[in-house]
Protein chains: 2
Amino acid sequence: MPQAKTNLFEDDLQELSQLFKALGHPARLQILKFLSKQNTCFSGDINDIVPLGRTTVNQHIAELKKAGLIKSSTQGTKTNYCLNNDGISKLNQLGISFLSEIQCSSCNTNEC
Amino acid sequence: MPQAKTNLFEDDLQELSQLFKALGHPARLQILKFLSKQNTCFSGDINDIVPLGRTTVNQHIAELKKAGLIKSSTQGTKTNYCLNNDGISKLNQLGISFLSEIQCSSCNTNEC
DNA sequence: TTTATTTGGCGTAAAAATACGTCAAATAGT
DNA sequence: ACTATTTGACGTATTTTTACGCCAAATAAA
């Protein structure tokens, strides 16, 4: 049985630091910023704007997803990524103004 | 000559992600929070409150220092650490409310 | 049905972060 | 002068992160 990994730190610190960690890479900030501009949820050609290989970008995307900051839906071969209000609202609650502009209108409706 | 390491990302993204990265570990958040409570700048027995070995804590302290979020001064064998308004104000500008309470009154005067 | 696109998954190399132990210097206390 | 404290510095083992290349599945296009 995999041990429950005792938390050395209080849960809120743990959670908060996870959020900050997710923001701790320029590529990921760039992706979030980009997604916030495309108020129509855009596909994974985030690749075109991030100066890194596709695989690497995918990894960063996966991390943002894991952190609950973005989500995805598939349309054919393409995948649409958009901001996840669940996570973004956490940031807003923290008052992170850098991302205050981040509100994807078409997200969290049903379009993506 | 060590090459100037071309920046793949825009400077503001780079700088911002560095800040977030510094906040991306529970121990470092704990330290910042602790320092904000001790409005009298307190010494390096941050060790007592962080559930990690002394050397490790020192490393985290060093990172916070590198990020410009804290600073230190020596008194005898002891070292006083306190928040560095230079860095903290950056956070405040970002609107990070978690740390809004962080204002070390006696810091940045001359007491530490 | 072939062929091209778009992705996710897997493996992996290199670098960075994390967590310590040990040691040595500075200084405070006896 | 000797001893104990408090630190920073150094080395190092592990783990994570970062960055890719390659392959395979799904679907769109020819």
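In what follows, chains are A, B, ... by sequence order, proteins preceding strands, each numbered from 1. As a basis for the values below, the full set of heavy atoms in this structure was taken, side chains included, without hydrogen atoms, waters or symmetry mates.
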Item to check | Verdict with reasoning, L29(B) to F20(A), per side chain to side chain contact (heavy atoms under 4.5 Å, CB included) | outcome: CA-CA 10 Å; L29(B) 289 183; F20(A) 283 133; 4.1 Å; yes
Nucleotide N/O to protein N/O under 3.5 Å, stretch nucleotides 17-21 of chain C:
from, atom 1, to, atom 2, distance (Å)
dA17(C), OP1, K21(B), NZ, 3.3
dT18(C), OP2, R28(B), NH1, 2.9
dT18(C), OP2, E63(B), OE2, 3.4
dA19(C), OP2, H25(B), NE2, 3.2
dA19(C), OP2, H60(B), NE2, 3.0
dA19(C), N7, Q59(B), NE2, 3.0
dA19(C), N6, Q59(B), OE1, 3.4
dC20(C), OP2, G53(B), N, 3.0
dC20(C), N4, Q59(B), OE1, 3.1
dG21(C), N7, T55(B), OG1, 3.2

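- For E10(B), the CD atom counts as loosely surrounded, since its 6.0 Å shell holds 12 or fewer non-hydrogen atoms of other residues, nucleotides or ligands.
- Put simply, CD1 on I61(A) is 14 Å from P on dA19(D), counting in whole angstrom units.
- Distance, N80(A) CG to dT27(D) P: 15 Å, rounded to whole Å.
- The environment of CD in E15(A) is sparse: at most 12 heavy-atom neighbours from other residues, nucleotides or ligands sit within 6.0 Å.
- The side chain of T79(B) contributes an N or O atom lying less than 4.0 Å from OP1 or OP2 of dG8(D).
- Within the 3.5 Å criterion, the main-chain N or O of A22(A) finds a donor-acceptor partner in the side chain of R28(A).
- Between Y81(A) and dG8(C) there is a side-chain N or O to OP1 or OP2 distance below 4.0 Å.
- Counting distance only, with no hydrogens placed and no angle test, the side-chain atoms of R54(A) and the base atoms of dG21(D) include no donor-acceptor pair under 3.5 Å.
- Without hydrogens or angle criteria, S17(A) side chain to L13(A) main chain gives a donor-acceptor distance under 3.5 Å.
- E63(B) contributes no side-chain N or O that, together with a main-chain N or O of L23(B), makes up a donor-acceptor pair within less than 3.5 Å.
- Rounded to whole Å, the distance from NZ on K78(A) to P on dT7(C) is 7 Å.
- K71(A) has its NZ atom 16 Å from the P atom of dG8(C), to the nearest Å.
- Computed from coordinates, the N58(A) CG to dG21(D) P distance equals 14 Å when rounded to whole Å.
- Q30(B) contributes a side-chain N or O that, together with a main-chain N or O of I49(B), makes up a donor-acceptor pair within less than 3.5 Å.
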Restricting to nitrogen or oxygen on both sides, can you table the protein-nucleotides 28-30 of chain D pairs closer than 3.5 Å?
none

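- Between the CG atom of N47(A) and the P atom of dC20(D) there is a distance of 12 Å, given to the nearest Å.
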Item to check | Residue pair V50(A), I46(A): steps toward the side chain to side chain contact (heavy atoms under 4.5 Å, CB included) verdict | outcome: CA-CA 6 Å; V50(A) 180; I46(A) 297 168; 3.8 Å; yes
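- In terms of modelled atom types and a separation under 3.5 Å, the side chain of N7(A) and the main chain of F9(A) share no donor-acceptor contact.
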